[in-house]
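To start, the structure under review is shown below, and the notes come after it.
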Amino acid sequence: MRIRAITFDLDDTLWPIAPVMLRAEQRLDAWLRAHCPRAAAAYPVEAMRALRDRIADENPHIAHDFSAQRRLSLRAALLAHGYGDDHVDAAFTAFYAERNRIEYYADALPALDRLRALYPLAAITNGNADLDAIGLAPYFHFSLRAGAFGTAKPAAEIFHAACARLGLAPDEVLHVGDDPELDVIGAHRAGLRSVWLHRGNATWTEASAQSEVRPDLTVRDLGELVDALGDAPEADARASPR
Ligand SMILES: [Mg+2]
């Protein structure tokens, strides 16, 4: 595979997202109980989750922006109980700080350390992780977040924007991610090479529910990606972005 840069998905690729979201919801609940008790009583964790889902359904124009969905649901919950936008901002800040406290998969940082010495790396995420807050920004030339960019994976636009910022053609860029549709099929349709990072047991056919698109490479962890790419890259893979 002749590639000159690698783009990475973040959630469920570099860290598991479910425990992060659970802790962030609990942190938000604790903050609301301390500062907005009437809203906290009306919206315990399960009810807040349902409210957020409903707000997301009702606002398809922000389907790509989880931060906007969260802010809007907090606003609905808090303003209805007599709290103001200052409380909305502070509640979001409490939630978001916890959302950026992640625990990496054991293979993530060693692989990034190895690969960043060989290729320019960038992040493409549909989530709202803040790489500066997480401490991961130095690994990546940039991070494209769907919320800020305006379009989410699997749309080709966000992949093409990443390639443009890298100064590379799509087929010179390898995208790595866990999600068959968002990462592998999205990247493939945009003309990139794709790696399916699959830590589970399902086959590609089972996981993707279609067979026309296949990942260029499937790995069980990022160490396998390093084994495939990191040891003997073709000479031109070391080139910096044009
Ligand atoms: Mg993911």
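As a basis for the values below, the full set of heavy atoms in this structure was taken, side chains included, without hydrogen atoms, waters or symmetry mates. All ligand and atom numbering here is 1-based and tracks the order in the structure. If you're wondering where the values come from, they're calculated on a predicted model, not measured in any experiment.
- When distances to the Mg ion (ligand 1) are checked against a cut-off of 2.8 Å, Asp12 contributes no N, O or S atom below that limit.
- Backbone or side-chain N, O or S atoms of Asp178 reach the Mg ion (ligand 1) at under 2.8 Å.
- For the pair Arg99 and Asp11, the salt-bridge criterion is met [side-chain N within less than 4.0 Å of a carboxylate O].
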- Message: The test is side-chain contact (heavy atoms from CB on, under 4.5 Å); show your working for Tyr119 and Arg4 and say whether it passes.
- Response: CA-CA 6 Å; Tyr119 303 94; Arg4 297 163 70 97; 5.9 Å; no
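- Exactly one of Arg71, Arg75, Arg70 qualifies for a salt bridge (charged side-chain N to carboxylate O under 4.0 Å, His left out) with Asp89. That residue is Arg71.
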- Item | Audit row: Asp178, His198, side-chain contact (heavy atoms from CB on, under 4.5 Å) steps and yes/no | CA-CA 6 Å; Asp178 67 289; His198 181 50; over 6 Å; no
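- Shortest distance from the Mg ion (ligand 1) to Asp9 is reached at OD2 (N/O/S atoms only).
- Residue Asp11 approaches the Mg ion (ligand 1) most closely through its N/O/S atom O.
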